[in-house]
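The structure under discussion appears below in the form of structure tokens.
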Amino acid sequence: MTAKHPTLLATALLAAALALTGCGSGGDSGKAAQSDRNAAAPEAADREAGSVQQQDTAEAEDTTEAPVPAPTHIIRTASLTVTTDDVSGALAEARTTVESAGGYVADETTDRDADGNERSRLTLRVPPQEYDAVLDDLAGLGKPVERKVSAKDVTDQVVDVESRIRTQRASVSRIRELMDQATDLSDVVSLESELSDRQADLEALQARLESLESRTGMATVTLALHEPDAKPAPENDETTIGDALAGGWNAFTATLRWIVIVLGAALPFAATALLLWLLWRTVRHRLPSTPRLRTRPAPPAPVTPPPPVGDTE
């Protein structure tokens with residue numbers, strides 16, 4: 001009995017030690033697992049935040065619009081000659097085609113040649129986006145004889161004029177501010193003259209920009225329609241007898257007008273000179289006249305008779 005008690009006691013102590021060791025290791029492993037979970041949580045949060053940020057960036061890139069290209073300014077012109085047996089019908093169809101495309105007829109000339117054949121010439125303004133389609137439709141009015149197309153890029157000119165207009169406007173604003181601050185009369189007069197010059201330059205630039213925008217905003221198409229046996233209508237830049245007569249009459253009326261203007265300007269001076277001349281004559285007649293000394297004529301010189309001829313003694 002006595003020998004058994006130490007053995008039992010040792011066994012109990014060993015079992016207790018093993019139990020305590022298991023609990024300790026279980027607690028340590030639980031704490032280690034909890035620590036691992038706590039350390040892995042920020043990493044997972046960072047990965048999730050990164051994925052959300054990448055998704056937001058992708059959505060922002062998708063919603064960002066592409067940069068708009070700078071507009072180009074091109075002057076488009078074309079000339080088209082078409083022969084047809086029905087000039088009037090082709091003319092009406094050409095008007096309908098241009099108006100349907102959003103354009104208009106800027107100029108029209110219709111007449112007959114010396115043989116009585118009908119012919120017509122039109123200047124059409126067409127939107128640039130309908131330019132090619134309108135040309136094709138006009139070419140289908142009859143038999144195309146001649147077609148010329150040209151395009152000129154004036155984007156640099158438009159950009160330059162717009163920049164100069166902005167600069168000139170700023171200059172005009174500065175001059176006006178100086179005028180508001182000026183107190184001396186001479187400064188005000190000088191600034192007004194400078195403002196007038198810069199305002200004139202600004203208006204000239206604006207007029208040039210309007211011309212460029214008008215020429216680039218609408219394409220110009222010159223359409224010539226005539227019968228197969230007719231001669232083409234003369235272009236607008238050709239001088240006819242009527243144009244010469246009209247030009248001569250305009251020159252005559254302009255010269256006559258300038259003569260009348262000169263005479264009207266000289267009339268006050270002529271009237272003043274005439275009044276002074278009449279006054280001088282009136283005063284001269286009223287002044288007492290001084291007596292003139294009468295001079296007796298000198299007596300005639302005595303005439304000596306010539307000696308008789310042949311009397312030598």
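Worth saying up front: this structure is predicted, and the values here are computed from it rather than measured. Residue indices begin at 1 and follow the sequence shown. These numbers come from the heavy atoms of this one structure, side chains and all, not from hydrogens, waters or symmetry mates.
The side-chain contact (heavy atoms from CB on, under 4.5 Å) test applied to S88 returns D86, E118, not counting sequence neighbours. Every side-chain contact (heavy atoms from CB on, under 4.5 Å) that A92 has, sequence neighbours left out, goes to R95. With sequence neighbours excluded, the residues satisfying side-chain contact (heavy atoms from CB on, under 4.5 Å) with I261 are R257, W258.
Counting heavy atoms from C-beta on, the side chains of V221 and L135 come closer than 4.5 Å. E93 has its side chain within reach of L141: a pair of non-hydrogen atoms, C-beta onward, lies under 4.5 Å apart. Within the 4.5 Å cutoff, no side-chain heavy atoms of S196 are placed close to those of Q199.
When every heavy atom of E108 is checked against every heavy atom of S120, the shortest pair comes out as CG-OG, 4.4 Å. Minimum interatomic distance between Q168 and L205 (heavy atoms only, all atoms of both residues): CB-CD1, 4.4 Å. Shown here for P128 and R76, the closest heavy-atom pair between the two residues is CB-NH1, 3.7 Å. Considering all non-hydrogen atoms of both residues, P144 and A139 come closest at CG-O, 3.4 Å.
Grouping Ile, Leu, Val, Met, Phe, Trp and Tyr residues whose side-chain heavy atoms lie under 4.5 Å apart, directly or via other members, places I259 in a hydrophobic cluster with L263. The hydrophobic cluster around M218 extends to Y104, counting ILVMFWY residues whose side-chain heavy atoms fall within less than 4.5 Å of a member.
Judged as a salt bridge (Lys or Arg N to Asp or Glu O under 4.0 Å), the pairs with a partner in residues 157-171 (not counting sequence neighbours) are, in order, D160-R164. Sorted by first and then second residue, the side chain to side chain donor-acceptor pair (under 3.5 Å) pairs with a member in residues 142-153 read T77-S150, E146-K148, D153-T155; sequence neighbours excluded. A side chain to side chain donor-acceptor pair (under 3.5 Å) check over residues 201-222, counting only residues at least two apart or in different chains, returns the pairs R125-T220.
No single ILVMFWY cluster, assembled from side-chain heavy atoms under 4.5 Å apart, contains both I75 and V149. One hydrophobic cluster, built from ILVMFWY side chains closer than 4.5 Å, holds both L212 and L202.
Distance check, rounded to the nearest 0.5 Å: CG of L91 to OG1 of T96 gives 9.5 Å.
For the pairing with D107, the side chain to side chain contact (heavy atoms under 4.5 Å, CB included) check across T123, L124, L122 returns one residue only, T123. Checked against T81 for a side chain to side chain contact (heavy atoms under 4.5 Å, CB included), the options V145, L225, L223 give a single hit: V145.
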Side-chain donor-acceptor pairs of residues 268-280 under 3.5 Å, sequence neighbours excluded:
{"residue": "T272", "atom": "OG1", "partner": "P268", "partner atom": "O", "Å": "2.8"}

Using distance only, find each side-chain donor-acceptor pair of residues 177-195 under 3.5 Å and give its atom names and separation, not counting sequence neighbours.
{"residue": "D184", "atom": "OD2", "partner": "S186", "partner atom": "OG", "Å": "3.0"}
{"residue": "E194", "atom": "OE2", "partner": "R198", "partner atom": "NE", "Å": "2.9"}
{"residue": "E194", "atom": "OE2", "partner": "R198", "partner atom": "NH2", "Å": "3.2"}

- Task: Before giving the answer on side chain to side chain contact (heavy atoms under 4.5 Å, CB included), spell out for T84 and E227 the whole-Å C-alpha distance, their side-chain angles and the decisive distance to 0.1 Å.
- Result: CA-CA 5 Å; T84 177; E227 297 180 358; over 6 Å; no
